[in-house]
Visitor: 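Got a structure for you, written out below as structure tokens; questions coming shortly.
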Protein chains: 2
Amino acid sequence: MGGQLAYRLDRIPTPPLLQAKTSEEGDAGLGAAGSVLHVAQDREIYAEGAAASAFYKVVAGIVRTCKFLSDGRRQIDAFYRAGDLFGIEGDAQHSLSAEAVSDCTLIAYRRRCVDAARTGGAGVDQLFDHLLRRLAQTQDHALLLGRRSALEKVAAFLVDWADQSAGRKVVSLAMTRQDIADYLGLTIETVSRTLSQLERDGLIDMPTARQIRLADLQALRDLNA
Amino acid sequence: MGGQLAYRLDRIPTPPLLQAKTSEEGDAGLGAAGSVLHVAQDREIYAEGAAASAFYKVVAGIVRTCKFLSDGRRQIDAFYRAGDLFGIEGDAQHSLSAEAVSDCTLIAYRRRCVDAARTGGAGVDQLFDHLLRRLAQTQDHALLLGRRSALEKVAAFLVDWADQSAGRKVVSLAMTRQDIADYLGLTIETVSRTLSQLERDGLIDMPTARQIRLADLQALRDLNA
DNA sequence: CGTCTCTTTGACAGCATTCAACGTGTGTGG
DNA sequence: CCACACACGTTGAATGCTGTCAAAGAGACG
């Protein structure tokens with residue numbers, strides 16, 4: 001567990017640089033104005049511990065939220081896709097950092113929308129739903145991290161990602177093997193080996209490394225009985 | 001990962017049997033009446049998937065919430081102590097099961113208190129805080145499960161538990177080694193071995209298996225840099 | 001004092017990691 | 001158009017951490 005240091009520290013992204021555009025637009029759901037911004041691939045959106053002055057909605061692209069240990073080990077908490085909210089905090093500070101997996105378009109909302117909702121304003125219900133769903137997802141993730149084998153983890157990841165991809169059987173992975181590994185609590189090599197094994201066993205096809213066809217979706221699901 | 005089946009299935013608790021007393025008492029915080037009930041050690045409070053008709057506050061004793069895989073593998077999500085709330089769900093069903101680690105006294109609140117709060121009623125703020133705190137804790141737990149070694153996990157558990165025990169240096173563990181293992185994503189043997197190693201190294205003393213004195217709290221904290 | 005559960009310890013096996021080398025794909029410049 | 005660099009991904013060999021299987025120790029309780 002020691003040798004990851006130099007290796008992993010290399011991967012820590014550059015400081016935040018939000019190339020915000022000045023456009024403003026309303027948002028029916030939250031009833032609050034938000035400013036659109038673009039973030040380049042691998043750029044940090046906010047750091048763990050940074051002031052939580054805003055939260056975000058993904059318009060396009062993929063976002064990851066993660067935590068780091070002091071020696072560079074990383075745990076990805078979640079990937080966010082178009083339509084997802086992230087960065088809502090109770091504290092004044094963000095408890096995770098957020099980074100762009102691919103080039104992203106986001107809408108930033110002012111934090112006080114959350115505070116307003118908490119005291120009974122509009123959007124309470126929506127925020128509640130979001131928090132409850134995130135909590136349930138994080139609990140499922142903990143079960144996966146604590147009690148599943150590498151094979152089960154990778155299968156679960158593929159099935160989840162496929163479900164979110166409108167049920168299509170070919171999933172396009174926006175993230176690297178390193179991202180997948182840090183999401184599943186594995187190493188990049190184990191992820192790669194496990195995918196190869198799934199392909200040998202006929203459960204998946206990999207036309208390219210980032211394009212995965214789920215040839216036997218049922219078998220993949222069964223791995224997570 | 002296979003041989004756990006028969007072994008683990010033995011540990012699944014008996015069906016719910018809430019020996020509710022008929023007393024009623026007001027609760028200043030939530031502004032809602034709750035009924036007091038007692039649950040014996042290892043009894044189930046509610047099952048995963050059961051109707052979430054109520055949520056609970058711990059008056060005395062320790063509660064665990066957990067998830068099971070179909071083969072009996074268990075992941076404990078959290079331990080709750082006097083004053084803690086648990087069982088608040090967005091869905092109609094509980095996403096985790098809850099069990100009494102020790103004999104417990106609880107207050108059950110009607111679920112509609114949550115629904116009322118969601119639509120802007122009293123207690124919104126309190127519920128929000130609870131959810132946000134739980135989410136942050138679960139995210140930390142995921143980092144521990146995914147990226148920490150056995151030694152780091154056990155040290156983190158002891159430090160956490162000590163923090164919650166009013167900072168005293170001698171912690172009384174209400175739970176078994178099996179509970180600790182299922183919380184940390186380890187086996188009972190690894191937990192035991194790791195505790196023995198910490199004792200050999202002088203970081204802790206174990207007068208009894210359930211009484212642990214943190215002899216070198218700083219060193220324990222340093223294990224989780 | 002025996003029984004039962006919980007815990008500890010030992011020996012061994014196996015899965016995931018580590019370390020290392022080799023492919024593969026893409027973009028750039030000659 | 002090809003050569004090269006570079007990042008990303010795959011594969012192999014060996015180590016090691018944690019799990020598995022087994023047995024013995026320690027308390028609690030009747």
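Predicted, not measured: the structure shown is a model, and the values here were computed from it. A, B, ... follow the sequence lines: proteins, then strands. Residue 1 opens every chain.
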Visitor: Rounded to whole Å, how long is the line connecting atom CZ of R177(B) with atom P of dA26(D)?
Guide: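 My rounded result for the distance is 15 Å.
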Visitor: Give a yes or no on whether the ring-centroid distance for F55(A) and F86(A) is below 6.0 angstrom.
Guide: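 For F55(A) and F86(A), the ring centres are not under 6.0 Å apart.
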Visitor: Got a salt bridge between D182(A) and R73(A), using NZ or NE/NH1/NH2 to carboxylate O under 4.0 Å?
Guide: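 The answer is no: the pair does not qualify as a salt bridge.
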Visitor: Atom CG of L184(B) to atom P of dC17(D): distance rounded to whole Å?
Guide: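 To the nearest whole Å, that distance equals 18 Å.
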Visitor: Return the nearest nucleotide to the side chain of A150(A); candidates are dA16(C), dT18(D), dC21(D).
Guide: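 Of dA16(C), dT18(D), dC21(D), dA16(C) is nearest to the side chain of A150(A).
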Visitor: Find which nucleotide of DNA chain C each of S192(B) and G185(A) is nearest to by heavy atoms, and output the residue with the more 5' nucleotide.
Guide: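 This one resolves to S192(B).
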Visitor: What integer distance in Å separates I188(A):CD1 from dG12(D):P?
Guide: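 Roughly 17 Å, once rounded to whole Å.
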Visitor: Rounded off to whole Å, could you give me the CZ-to-C1' distance for the R193(A) and dC19(C) pair?
Guide: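 Computing the R193(A):CZ to dC19(C):C1' distance gives 11 Å.
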Visitor: Whole-Å distance between dT17(C) C1' and R73(A) CZ?
Guide: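 So the CZ-C1' distance, R73(A) to dT17(C), works out to 13 Å.
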Visitor: I want to check one thing: is the phosphate of dG19(D), taken as OP1 and OP2, less than 4.0 Å away from some side-chain N or O of T187(B)?
Guide: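 Affirmative; the distance criterion is met.
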Visitor: Under a 4.0 Å threshold between the charged nitrogen and the carboxylate oxygen, would D84(B) count as salt-bridged to R133(B)?
Guide: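 Between D84(B) and R133(B) there is no salt bridge, as every charged N stays at least 4.0 Å from the carboxylate O atoms.
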Visitor: Is the distance between the ring centroids of Y56(B) and Y109(B) under 6.0 Å?
Guide: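 Centroid separation for Y109(B) and Y56(B): 6.0 Å or greater.
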Visitor: Taking only the side-chain heavy atoms of E189(A) (C-beta and beyond), determine which of dT18(C), dC21(D), dT18(D) contains the nearest atom.
Guide: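 The closest nucleotide is dT18(C).
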Visitor: Which part of the nucleic acid, if any, lies within contact of T176(A), taking any heavy atom under 4.0 Å across all strands shown: a base, the sugar-phosphate backbone alone, or nothing?
Guide: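 Answer is sugar-phosphate: T176(A) comes under 4.0 Å of backbone atoms only.
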Visitor: Do H94(A) and E89(A) have side-chain atoms, one donor and one acceptor, less than 3.5 Å apart?
Guide: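 Short answer, yes.
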Visitor: For R210(B) and dT7(C), is the shortest distance between a side-chain N/O and OP1 or OP2 below 4.0 Å?
Guide: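 Yes, R210(B) has a side-chain N/O under 4.0 Å of OP1/OP2 on dT7(C).
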Visitor: What is the separation between atom CG on L151(A) and atom C1' on dC15(C), rounded to the nearest whole Å?
Guide: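 Result: 12 Å.
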Visitor: Looking at the side chain of S149(B), which of dT18(D), dT7(C), dT10(D) is the nearest nucleotide?
Guide: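 Nearest nucleotide to the side chain: dT18(D).
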Visitor: Ignoring the backbone of S196(B), work out which of dT10(D), dT8(C), dA16(C) is nearest its side chain.
Guide: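 The answer is dT8(C), which lies nearest to the side chain.
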Visitor: Can you tell me how far P of dT8(C) sits from CG of L186(B), to the nearest Å?
Guide: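 Whole-Å distance recorded here is 14 Å.
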Visitor: In whole Å, what is the span from the CG atom of D71(B) to the P atom of dT20(D)?
Guide: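 Nearest whole value for this atom pair: 10 Å.
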